[in-house]
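Read through the structure below, which is laid out as structure tokens, and then see the notes.
All chains are named by letter (A, B, ...) in the order of the sequence lines, taking the proteins before the strands, and each is independently numbered beginning at 1.
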Amino acid sequence: MIICISWIKINNIFDPMLWYKVENFFDNSCVQVADVVVGFGHLEKKGKDDVEALIAGSGGGSRKGFDYLCWDLYARVSQWYSEGSDSEQAAKKKLRLDTLHLIEQGGNATAELAEVISTAVLRRHLETMARLGIEYDFLPRESEILHLKFWESAFEKLKATGVLYEETEGKNKGCWVMRRPKSEFSSEVNEGPDEDAKVIVRSNGTVTYVGKDIAYHLWKFGLLGKDFGYKPFHKYPSHECWISCEQGEKVHPHFGGVRAIYNVIDSRQSDPQSNVIQALRGMGHTAEADRYTHFSYEMVALTPRYAEELGYTVSEEDKKKPYIEVSGRKGFGVKADDLMDLMIAASRGEILKRHVEWSEEQVSETARQIAYGALRYFMLRYTRNSVIAFDQKDALAIEGETGPYCQYALVRAKNIFRKAGVAPEAVLAEYAQSAGLNAILGSEEGGDIWALLVRASKRIFVLEQALVASEPAYLAKHAFQLAQEFNNFYHKHRILTEENAAMKSLLLTVAAVVLREISATLKLMGIESPEAM
RNA sequence: GGGCGAGUAGCUCAACUGGAUAGAGCACCGGCCUUCUAAGCCGGGGGUUGCAGGUUCAAGCCCUGCCUCGCCUACCA
């Protein structure tokens with residue numbers, strides 16, 4: 001529902017190493033959808049036809065589409081729930097739950113409205129992500145997990161393997177529960193119920209989110225014995241994105257039954273995630289459990305300064321904090337499309353200061369590359385367990401550890417080759433055959449050049465470390481250090497006016513190597529290399 | 001109450017499995033454009049790594065206790 005910039009914390013880092021598929025689980029039967037449905041029905045007094053008209057009308061050109069409407073409505077509904085007398089609030093709460101249950105059941109007008117809304121928002125989500133080059137292969141939806149009775153199959157297996165047991169005493173009486181990984185009840189005092197156990201099936205017979213997630217992950221590993229229906233949903237230039245449905249097409253790509261899973265979910269989900277892994281292990285699927293990685297990361301928040309820039313009033317108390325957590329319920333945050341637009345506008349301004357002669361196309365293309373590069377770099381420069389306090393000014397700064405800084409170093413190198421009228425690839429090919437570098441590199445002056453070359457040669461090593469540690473920030477650090485060292489080199493040596501031919505040749509070669517390496521490292525982070533800036 | 005993460009320069013963060021003088025960036029101060037883009041470069045100040053013990057030749061990192069903050073848990077998704 002809420003388009004969250006966290007999504008771009010993971011991107012194509014795995015691209016060169018693995019063949020993989022990107023799935024985005026779509027929680028289309030969740031309470032947030034129910035809230036928006038309540039909003040349209042009770043605040044806006046709109047039915048399915050009205051909503052469909054809104055969706056159709058909100059398309060044309062403007063990015064402020066249907067998802068923006070939902071964002072606002074969601075915040076209003078949340079506010080509305082908390083208003084009125086106790087009995088009124090209770091009634092609203094009941095309405096909310098009833099709506100949720102109708103959506104989960106399906107086959108009714110409320111569920112149809114929810115379907116229309118969630119699909120429209122999903123389409124907008126794909127468009128937004130596509131701007132950053134993020135594409136999906138498959139969109140499994142919660143509604144199919146429910147309607148295709150994935151849970152029922154999983155439940156049988158969970159009962160048969162003894163992972164779940166029915167609690168007969170204590171506060172969880174009547175629930176089907178699962179022991180948590182660490183509760184070593186068996187060896188210790190074993191009297192009374194394990195009250196710390198995780199409830200999977202409530203006493204009223206409904207399944208919790210974790211239960212559905214277990215079923216979903218059994219499917220992912222091909223252990224469920226059931227499959228989704230599939231239909232095409234969205235066409236990217238290079239491939240098709242499929243979506244789950246109850247009765248799909250006969251011919252479709254194969255999804256599920258994978259060897260390994262990387263679940264990119266923020267660290268607040270670590271408890272439910274460990275429950276899922278524990279369930280797999282308990283069912284005897286230990287190998288699969290070992291190949292299940294919760295790629296957890298901390299949330300993205302906003303600095304108080306940026307929150308103010310966005311027009312929010314920030315309390316004195318919040319101003320002292322390093323960051324403020326975004327909240328869709330409170331209507332506090334920045335929408336990904338807005339963020340990108342703001343950053344593009346800002347980098348555009350910088351470009352126009354310097355290149356009045358550029359064509360409109362050149363300006364907007366470069367502004368886009370810089371803005372997206374700045375955004376991606378900022379998301380990736382922090383290690384995963386650090387909260388990212390987003391600030392546009394910091395992200396877009398040319399000074400400091402930023403995307404634009406790295407891009408600028410690379411552009412400087414490109415300028416040299418443009419002025420020299422040679423291609424960096426040609427320089428590399430030529431230099432590989434000459435053999436006069438020992439004398440220069442061995443000299444005192446050559447020490448720094450040698451150091452730069454050594455650093456430049458470390459890309460694969462750094463990538464390997466980044467993969468082992470599941471830490472994209474290592475790549476960001478490498479790109480920055482290389483850019484920094486190159487800027488130093490650039491300042492120290494006037495390459496084009498160098499008179500010593502052997503030296504000039506070496507300097508050009510080093511520039512070509514560094515250009516290639518910064519560019520390749522940035523590419524691993526999904527950051528483009530502008531021609532000029 | 002329990003679980004996870006964090007505490008490092010004024011601020012935001014690094015530090016690969018324990019290893020040399022704990023590093024960057026921002027901010028601050030001072031320099032550097034007749035030159036391939038100064039959107040840059042160089043230099044400077046700034047630290048008892050939360051506290052107290054312990055293990056080790058060696059601890060920001062490991063162990064014990066305590067303090068502070070955040071998140072997750074207690075039949076919400």
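- A/Ser203 contributes a side-chain N or O that forms a donor-acceptor pair with the base of B/C75 under 3.5 Å.
- Of the C1' atoms belonging to B/C41 and B/G5, the separation is 39 Å, rounded to the nearest Å.
- Among the protein residues, A/His355 comes within range of the nucleic acid bases, having at least one heavy atom under 4.0 Å from a base atom.
- The C1' atoms of B/G25 and B/C63 are separated by 34 Å, rounded to the nearest whole Å.
- In summary, the aromatic rings of A/Phe486 and A/Phe489 are positioned with their centroids under 6.0 Å apart.
- Within the nucleic acid shown, A/Asn415 comes within 4.0 Å of at least one base atom, counting heavy atoms only.
- The environment of A/Lys173 atom NZ is sparse: at most 12 non-hydrogen atoms of other residues, nucleotides or ligands sit within 6.0 angstrom.
- Qualifying salt bridge (Lys or Arg N to Asp or Glu O under 4.0 Å) partners for A/Arg459, counting only residues two or more places apart in sequence or in other chains: A/Glu517.
- A heavy-atom distance below 4.5 Å is not found between the side chains of A/Asp213 and A/Phe25.
- With P as the reference atom, B/C67 and B/A52 are 15 Å apart, rounded to whole Å.
- When the P atom is compared between B/A9 and B/A24, the two are found 16 Å apart, to the nearest whole Å.
- Remark: side-chain polar atoms of A/His217 are not paired, donor with acceptor, to backbone N or O of A/Lys212 under 3.5 angstrom.
- Remark: A/Arg305 engages A/Asp394 in a salt bridge, criterion side-chain N to carboxylate O under 4.0 Å.
- As rounded to the nearest Å, B/G3 and B/G53 have P atoms that lie 26 Å from one another.
- Look at the C1' atom in both B/A22 and B/G60: the space between them is 8 Å, to the nearest Å.
- Comparing B/A74, B/C13, B/A39 by their nearest atom to the side chain of A/Ser386 picks out B/C13.
- Among the atoms of the strands shown, only primed sugar atoms or phosphate atoms (P, OP1, OP2) are found under 4.0 Å from some heavy atom of A/Glu399.
- Phosphate proximity of B/C42 to A/Asn488: present, with a side-chain N or O under 4.0 Å from OP1 or OP2.
- Residue A/Gln465 is in base contact, counting any heavy-atom pair closer than 4.0 Å across all strands shown.
- In RNA chain B, runs of at least 3 stacked Watson-Crick or G-U pairs (N1-N3 plus N6-O4 or O6-N4, or N1-O2 plus O6-N3, all under 3.5 Å) give these stems: B:1-7 with B:67-73, B:10-13 with B:23-26, B:28-32 with B:40-44, B:50-54 with B:62-66.
- Below 30°, between 30° and 60°, or above 60°: for A/Phe228 and A/Phe150 the angle between ring planes is between 30° and 60°, a tilted geometry.
- For A/Tyr474, the side-chain atoms get nearest to B/A15 when compared with the rest of B/A15, B/C71, B/C36.
- Straight-line distance between the P atoms of B/C29 and B/U73: roughly 47 Å, to the nearest whole Å.
- For A/Arg412, whose side chain is taken as the heavy atoms from C-beta onward, the closest listed nucleotide among B/C36, B/G40, B/C75 is B/G40.
- Comparing the P positions of B/G44 and B/G23 gives an interatomic distance of 13 Å, to the nearest angstrom.
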